[in-house]
**Q** 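Below: one structure in structure tokens.
If you're wondering where the values come from, they're calculated on a predicted model, not measured in any experiment. The chains referred to below are lettered A, B, ... by the order of the sequence lines, with proteins before strands, and numbering in each begins at 1.
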Amino acid sequence: MASGESTASGGSRGWTPYLSVVAAARNDDHGGNLLTRMQAFAHAWIALARRHDLDSELILVEWNPPEDRARLIEAMRWPADTGPCRVRIIDVPPEVHARYRHAAELPLYQMIAKNVGIRRARGEFILAANIDIVFSDELVRFLASRSLEPGRMYRIDRHDVMSDVPVSAPLDEQLAYCRTHIIRQCTREGMYRLTAEGFREKEAEDITAPHSGIYFGSGWHVVERYGSREPFRWIGDEAEIEARVPAGGAIMTLDLEPGPGLGPLPERLEVLDESGAEVAQWSIRERTTVVLAVPPAPAGGVRRIRLRVPNGGRPVPYDARILNFRFFRCDWVEKQSITPPCSKREIVRRHQPQLVRLIGALRRNRGAAGLLLSGPGLFARAVRLLARRGEDIFDGGTDVQAGPGWYGLEEAGGERFRWVSKDAQLAIRVTGARSAMALLVEPGPGVGDGRFVLVVRRLNGGGDVIARVPVNGLTYAEFWVPVPPGTITTISLSPGEHMPPTGADPRILSFRVFACGEGVGARRVHAGAAPGAAAGWPALTIGSEPAEIDWAAALEPSRREVDEMGKPEYLHINGCGDFTLMAREHWFNVRGYPELDIYSMHLDSLLCYAAHHAGAREEMLREPMRIYHIEHGKGWTPEKHAELFASLERRGIPSVSMEDLVWLIARMRHLHAPVLFNGAEDWGLAGYDLPETGLAQARSVVAPAE
Amino acid sequence: MLDDAAAPYISVVVPARNDDHGGKMLGRMQAFLDAWFEQAERYGLRTEIVVVEWNPPPERPRLRECLKWPAGPRVCELRFLEVPSEVHRRFRNSRAIPLHQMIAKNAGIRRARGEFVLATNLDTICSAELVRFFAARQLERRTMYRIDRHDVASSFPPGVTADETLAFCQTHVLRIFTRDGAIEFAPDGLRVVERRDIVPPAAGIRLGRGWYHLESLDDAPYRWIAAAAEVIFEKPASTCRLAIDLETGPSTGGQPLAVEIADAGGRVVAGETIEGRCTLRLYFPGALRQGRFYLRTPRGGVPLTRDPRWLNLRVFGLRWEPIPEDSPAYPRHDVSIGLDFPESGLVELTVDQRSGPPLEDVSVTARDAAGNVVFDTATGGGPGALEPGDAVNVPSGLHLTGSAAAGKPGRGGPRWLLEVVQAAPARDWNACLQAPSPAARHMADPAYIHMHACGDFTLLAREDWFALRGYPEFPIWPMHLDALFCFAAHHSGIREVVLEEPMRLYHIQHLSGAGWTPEGEEARLARIEAKGVRQMPWVELVQWIDLMRRFSGPVIFGTEDWGLANETLAETPV
């Protein structure tokens, strides 16, 4: 019964295109090269609309045209026939502009200008864009498929391309130029330059080594250092790692800690492969180092690994992002460097005490006959294992990462070893054809009588025991690892039983290991499943320490507020002025962009959040759909940004600060309502009868363009 | 399309449910209806009352079954709109808050037919002058009408005529909600002096309008003032001056502040420019024993970030002080009369000034031969200060001397004097909670809107309510949401007009905890806390106000479907 707001304004309502594209400009060479960029924009849109037979209108709002320059319609070249696209140019005369308080300082009220077009648009859907945007063929094909839906706000990543777009070249040539001249990408998480392969470039000081071949894709926020000793990156609910995995697979180590986005700890972090299958997970309570055995990509090349936080997503009041985990490191495990090769005699000389004990133990256990029978072979294998040892006790040149349960490396009496109390874990990639592992192990005081059974379990296979090796004195132990060669596996080594600590060392010293690496073996194991199959990837938690920040305590004062926000969306507002597409009714519901008499910074972002909270849920248009933005001199840089705000302050022009924006987003999340700034139904200068020029009319009166 | 003649000029929107909210609810609502019906008829005001019956309790009758109204044709229509429980339950907090007042008002506003719409509550009564003003059809568009709320005692006589009701209201005012806050009245009809107030009790200094609530700093009480604050005084003795201990506030923007004293008629009688903490000594004209004056700050008014008020002056105390003999601001001219009367008895002495600057506050002192003062007209049972033309009887046989304060030459009439004693330099307010807004100079039109009790009286043209999409519809405790609306109205270019006396809005006092009363505030907060319901914190309201001032624009939270536009509400016209 109650009347809705009037949504009709201006123009004939007879013709209803599917889509209206609205952009605002004045011929003042803002940003430099303005006419060329605008020419590329109009040319490409009209040509693509024709190619895909997209029933559309292109509305250019010419705001406060400079007296001494040609009008846009005159200054640009137009095709003789614009096909299914109508071109409308709407004038906002200087007298109207002069009504605004900062008219002398701000020549173009961009948001109000766009509203002028949106208010007069006739399309079922309205796309607010800018005059230097070129759409990809796939994007316009999608638009022409008429599958847009109400209840959505369509957004897209922006690709910035070099400015020499061949304006007069045919469409495909223009698009090819854009595809091959990309400078950077404007994503939800920020602006990134792209590598030749299309990865987001890493920063100079990043959480991975410069040549690791690991790249941080969507979901990774920029590198920060604030309040921390070392650089880190936040992730929200999902983040993609793009990695060139070394041949045969490799072990990735991740160093991370929980953030404010998580509920009660510990919280799960899952790893998904390209097919979306969960391949590993960890439970994280504090700052933790984990390792993940990454199999090579099925087709070689690049692996796309997704990290997922299933139960995160809680907001913070002072940052619009969702901050579930922050990562301090994401890298490949460093292989132990191989000690320089030396003669067998030299090895024997260096490790004489251990080898003597090995022989002694063998004689005790097996008698003189046993020693004669198997002694030479075992001796040779022990020497080989010691010869392969890197700086630690592990094989050099092999991917191995010690997990929990190992004491640090010790050196005493010229011997190098690590003590173990129980359950020493390690991740290892057995590359040899025989899938065998070997250890040089000696019982310690923790096992009392100097003999025990070493129990070997395979952790990523459900913890099943793969070997029981009797150890009595210094022993060379070799056992089969039932995985195909090249696979990474995690195993644990345990004494069958152990005694309480004795003597001066309070540690439980069950046994010590002098060397650990690949064995020689004698038989092949059965061929298992292909590497990286659905069985899951080996993953381990290596160690943890208290986190730098106790978020639960830090957020306690705002706990209730945060709880009331639920799990809100972190919208893609970077470059949203270049592409925001919604059904017409949504634009009218939020009354277009905020028409505040202030500098336009962040007003487009406020519109996105308002529209979202008024029921237009964000939907991202994905590759290969793209928009290209033609680079110009007025691009954003931090220096220019600071200078701009100083200048606005000097001139007395208010603007929405980053702090304001974040506060307003938090309020919308908290109140579950949009925040709108247009307090009247005459938004978009609805009360004005603005002069409008169609292309056909214009051409007859306009002299040929330059 | 409605017939213009039949269309109501004003729609009065009240939300309600029959749950005896606040106690004696039906009685108060009946008084509200009776007053509207009777006065609308009397002044020919075409009105509709839109009662939005929200989430009616199933076990109780509907309101229309409990209330009465005159039969037959009337100029005042009555409509009952019902928002059923199913709709109510869709909102968050529906269990803890049985009536979402703001959404209910919006539902009524959205369906109102009047040219103008008054959002109010069921326990208000308009004074005759107010209804007469409505009936004059002088209301303007793009204007938000506000008014002080007069709270009257709840010992309300039932079943009386509107005139009797109004007479009761007029004589039983407990407090007034003004732009500056609530003013409580003492039995003598003046504002009460609170415990540890900035004026001593029973000292003949009373505060009138323009004083913000009592605050304290390190245990020292103070009150802020903005542009003008009223003082009502009664001098205890002739040779007294009023000492006003104060300091310039953050709304001076760090500039020296002009302070004026205006007399009861509003005429500026003294002024000084001050900065920092100082004591003003105000000397009254000799003849003025009692009256009122205004402490005014014509400039100032710089908006602050964390306080929506203008804090021009902080007043720590007002007190009487004797005027010392040597007060430079009050020079006395001693005149030796030099007559000795040898006879005993009384001599009549007439003060008769022939020349020179006009004298005031004349005193006559008689001394004996040894020079001791044995009589003084200014003290000890004497008649007080004299003025030219006065006569006094003095004992004879003594030496008489005269003394008089002289005004500035050439300036006639009663004379006020203001003296400034500097105590401390200005403080840097930028480092304080009350810091001035750094964006103050960019603000196009900051205002401190009369938001007190605005839920009881906010009147705008229907189209203006629509432009603003009504009140914010947050399903929380509705505190401050009405104020948020008023500020949004202002920042969308709607002019605020506060209707002045004798136009009044009376509000019948109800149980504390239901609406806002100073004494009930703590209990109310405890109650809503216990329900686990949130209200918009004051700090947040202030942040919204600061944002609107900085952006010179309103904030609106409603979408096109505000006021339950998509619901069909059952309507019972009666």
**Q** More than 12 heavy atoms of other residues, nucleotides or ligands under 6.0 Å from CG of D689(A): is that the case?
**A**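 For D689(A), atom CG is not crowded (no more than 12 foreign heavy atoms under 6.0 Å).
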**Q** Assess the pair F588(A) and W683(A): is the distance between their ring centroids shorter than 6.0 Å?
**A** yes
**Q** Examine whether an atom of D660(A) lies under 4.5 Å from a heavy atom of chain B, and if so say whether it belongs to the side chain, the backbone or both; otherwise answer neither.
**A**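 The side chain, not the backbone.
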**Q** Heavy-atom distances under 4.5 Å only: say whether A444(B) touches chain A with side chain, backbone, both or neither.
**A**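 For A444(B), the contact with chain A is made by backbone and side chain together.
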**Q** Would you mind checking which part of Q543(B) comes under 4.5 Å of any heavy atom in chain A, side chain (CB onward), backbone (N, CA, C, O), both or neither?
**A** both
**Q** Mind ranking E649(A), E561(A), E585(A) by heavy-atom pairs under 4.5 Å with chain B and telling me who comes out on top?
**A** E649(A)
**Q** Who among V656(A), V590(A), I653(A) has the most heavy-atom pairs with chain B under 4.5 Å?
**A**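 Option with the greatest count: V656(A).
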**Q** Between W465(B) and F116(B), does the ring centre distance come in under 6.0 Å?
**A**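 Judged by ring-centre distance (under 6.0 Å), W465(B) and F116(B) do not meet the cut-off.
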**Q** Tell me, for R534(B) versus chain A, whether the close heavy atoms (under 4.5 Å) come from the side chain, the backbone, both or neither.
**A** both
**Q** Which region of R441(B), side chain (C-beta onward) or backbone (N, CA, C, O), has a non-hydrogen atom less than 4.5 Å from a non-hydrogen atom of chain A, or is it both or neither?
**A** side chain
**Q** Would you please say whether a donor-acceptor pair under 3.5 Å links the side chains of Q110(A) and S600(A)?
**A**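 Note: Q110(A) and S600(A) side chains miss the donor-acceptor criterion.
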**Q** Against chain A, label I494(B) side chain, backbone, both or neither, depending on which of its atoms sit under 4.5 Å from a heavy atom there.
**A**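 Interface part for I494(B): neither.
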**Q** So which heavy atom on L671(A) is nearest to which on R92(B), and how close?
**A**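 Shortest heavy-atom separation between L671(A) and R92(B) comes out as O-NH2, 3.8 Å.
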**Q** F551(B) versus chain A, heavy atoms under 4.5 Å apart: side chain, backbone, both or neither?
**A** both
**Q** Flag the one option from A673(A), P674(A), P654(A) with the top tally of heavy-atom pairs under 4.5 Å to chain B.
**A**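 When all of A673(A), P674(A), P654(A) are compared, P674(A) has the most.
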**Q** Closer than 3.5 angstrom, by distance alone: can the side chain of Q101(B) be matched with the main-chain N or O of P15(B) as a donor-acceptor pair?
**A** no
**Q** Side chain, backbone, both or neither: which part of M548(B) has a non-hydrogen atom closer than 4.5 Å to chain A?
**A**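 For M548(B), no heavy atom lies under 4.5 Å from chain A.
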**Q** Heavy-atom pairs under 4.5 Å with chain B: which of R667(A), H613(A), H672(A) has the most?
**A**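 Of the options given, most contacts go to R667(A).
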**Q** Please look at D682(A) and chain B and tell me whether the side chain, the backbone, both or neither of the residue comes under 4.5 angstrom of a heavy atom of that chain.
**A**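 The answer is neither part of D682(A).
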**Q** Salt-bridge test for E681(A) and R119(A): reply yes if a basic N is under 4.0 Å from a carboxylate O, no otherwise.
**A** no
**Q** For D464(B), is there an ion pair with R142(B) - N to carboxylate O distance below 4.0 angstrom?
**A** yes
**Q** Taking ring pair (Phe, Tyr, Trp, His ring centres under 6.0 Å) as the criterion, tell me which of F466(B), F557(B), Y471(B) meets it with W562(B).
**A** F466(B)
